[in-house]
Amino acid sequence: MPSILVVDDEQDLRKVVEFNLKNAGFEVLGAATGAEAIRMAQAYLPDLVLLDVMLPDIQGTQVCQTLKTNPETRSIPIVMLTARGEEIDRVVGFELGVDDYIVKPFSVRELVLRVRAILKRFDKSDASDVDERIRFGGIEFDPIKHRVKIDSEEVKLTATEFKLLEVFLTNLGKVQTRESLLADVWGRDINVTPRTVDTHVKRLREKLGSYGEYVETVRGVGYRFVEEP
């Protein structure tokens, strides 16, 4: 049973979300502060965190940054709950490793569907013992252990960056439009903009270091990962 950590200081809203997630078959944990969220995420390692931006002690973005820099919690998908829908807020969040946004007010039914879609995107339950690692130049991509190494040194990627790199490495030399990347990485039912793709590609290039140039920009279309290193 997938577990969800719901972090929101608005008790009434949190209870409604928790109730509906439980009815949908999830195990649910609740936290009202950023400090409590960090403690619970590290202790229970939930499958997903629903994180409010505005918390009474520390900002949700700080909570996100803390979880994404901890090796034990960095691969947990984080979905921000925010009343602010401005693009700048989304871009800052994505820079820190946020995997998706849900803007308040939202439909509880939509929230449950979005949670299911995100969990499905990052589901590793079908992993086997077969060596499915992809090696390309100095890049080693391991979908089973959810690890990426650059020249034998592990690189910390967010869950979305990991999925984005997987799409590139399994489609070498093929142009990926922003629309196709949105569908393959975020899912067709996830409401994000093409700017989201650009933000994540920029961050992925930075983390790949000198291998970032393998991700080529195809002007007016999207991106392409080189066919040969």
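Being a predicted model, the structure only gives us computed values, none of them experimental.
Side-chain heavy atoms closer than 4.5 Å link hydrophobic residues (I, L, V, M, F, W, Y) into clusters, and following such links, possibly through other members, connects Leu119 to Phe106. Taken together through direct or relayed side-chain contacts under 4.5 Å among Ile, Leu, Val, Met, Phe, Trp and Tyr, Leu182 and Val221 form parts of separate hydrophobic clusters. In terms of hydrophobic clustering, with Ile, Leu, Val, Met, Phe, Trp and Tyr side chains grouped at heavy-atom distances under 4.5 Å, Phe19 and Leu29 are assigned to different clusters. Cluster membership check: Val201 does not share its hydrophobic cluster with Val218, using side-chain heavy-atom separations under 4.5 Å among Ile, Leu, Val, Met, Phe, Trp and Tyr.
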Could you walk me through whether Arg224 and Lys174 pass side-chain contact (heavy atoms from CB on, under 4.5 Å), step by step? CA-CA 6 Å; Arg224 173 178 53 216; Lys174 298 179 182 178; 6.0 Å; no
Might you work through the salt bridge (charged side-chain N to carboxylate O under 4.0 Å, His left out) test for Glu206 and Lys202, ending with a clear yes or no? CA-CA 6 Å; Glu206 292 173 353; Lys202 176 177 179 292; 2.9 Å; yes
Could you go through Thr82 and Tyr101, starting from their C-alpha distance and side-chain angles, then the distance that decides it, and tell me whether this counts as side-chain contact (heavy atoms from CB on, under 4.5 Å)? CA-CA 7 Å; Thr82 176; Tyr101 268 91; 3.4 Å; yes
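Counted by atom type alone, Ser180 and Thr177 present one or more donor-acceptor pairs between their side chains at under 3.5 Å.
To the nearest 0.5 angstrom, Leu55 atom CG is 10.0 Å from Gln62 atom CD. Taking OH from Tyr44 and CZ from Arg39, the interatomic distance works out to 6.5 Å, rounded to the nearest 0.5 Å. Distance check: Ile102 CD1 to Ile118 CD1 gives 6.0 Å after rounding to the nearest 0.5 Å. Taken to the nearest 0.5 Å, the CD1 atom of Ile58 stands 7.5 Å off from the OG1 atom of Thr33. Distance check, rounded to the nearest 0.5 Å: CG of Leu169 to CD1 of Ile139 gives 6.0 Å. Here the CG-OH distance, from Leu181 to Tyr223, works out to 8.5 Å after rounding to the nearest 0.5 Å.
Counting heavy atoms from C-beta outward, Phe141 and Glu166 have side chains that approach closer than 4.5 Å. Side-chain contact between Trp186 and Thr160 is present, with at least one heavy-atom pair separated by less than 4.5 Å. Looking at heavy atoms from C-beta onward, Val53 lies in side-chain contact with Gln59 at the 4.5 angstrom threshold. Residues Gln42 and Asn70 form a side-chain contact, since some pair of their non-hydrogen atoms from C-beta on lies under 4.5 Å apart. Leu204 places none of its side-chain heavy atoms less than 4.5 Å from the side chain of His200. In this structure, the side chains of Val148 and Asp142 stay at 4.5 Å or more apart for every pair of heavy atoms. Taking the side chain as every heavy atom from C-beta outward, Thr158 and Arg74 never approach each other to under 4.5 Å. Contact annotation: the side chain of Leu111 approaches that of Leu50 to within less than 4.5 Å [non-hydrogen atoms, C-beta and beyond].
For Cys64 against Met80, the heavy-atom pair with the smallest separation is CB-CE, 4.1 Å. The shortest non-hydrogen separation linking Arg116 to Ala24 is NH2-O, 2.8 Å. Taking every heavy atom of both residues into account, Pro56 and Ala32 meet most closely at CD-O, 3.6 Å. Nearest heavy atom pair, residue Glu213 against residue Glu216, reads O-CG, 4.0 Å. Across all their heavy atoms, Ala41 and Pro46 have their closest contact at O-CD, 3.6 Å. Leu81 and Asp52 get closest at one heavy-atom pair: O-OD1, 2.8 Å.
Judged by distance alone, the side chain of Asp57 and the main-chain N or O of Ala35 form a donor-acceptor pair under 3.5 Å. With hydrogens and angles disregarded, a donor-acceptor distance shorter than 3.5 Å links the side chain of Arg205 to the backbone of Val215. Of the possible polar contacts, one joining the Ser107 side chain to the Arg109 backbone as a donor-acceptor pair under 3.5 Å is found. The backbone N or O of Leu157 lies less than 3.5 Å from no partner atom in the side chain of Glu161, so there is not a single donor-acceptor pair.
Aromatic rings of Phe136 and Tyr211 (six-membered ring for Trp) have centroids beyond the 6.0 Å cut-off, not under it. Residues Phe168 and Tyr214 place their aromatic rings such that the two centres sit no closer than 6.0 Å.
Ion pair Glu72/Lys156 not flagged as a salt bridge, since none of the NZ, NE, NH1 or NH2 atoms sits closer than 4.0 Å to an Asp/Glu carboxylate oxygen. A salt bridge links Glu110 with Arg114: at least one charged nitrogen is closer than 4.0 Å to a carboxylate oxygen. For the pair Lys68 and Asp99, the salt-bridge criterion is met [side-chain N within less than 4.0 Å of a carboxylate O].
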Identify all side-chain donor-acceptor contacts of residues 1-11 below 3.5 Å with residues at least two apart in sequence or on another chain.
residue, atom, partner, partner atom, Å
Ser3, OG, Asp47, N, 3.3
Ser3, OG, Asp47, OD2, 3.4
Asp8, OD1, Glu10, N, 2.8
Asp8, OD2, Lys104, NZ, 3.0
Glu10, OE2, Lys104, NZ, 3.4

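With a 6.0 Å radius and a threshold of 12 heavy atoms from other residues, nucleotides or ligands, Glu228 has its CD atom at or below the threshold.
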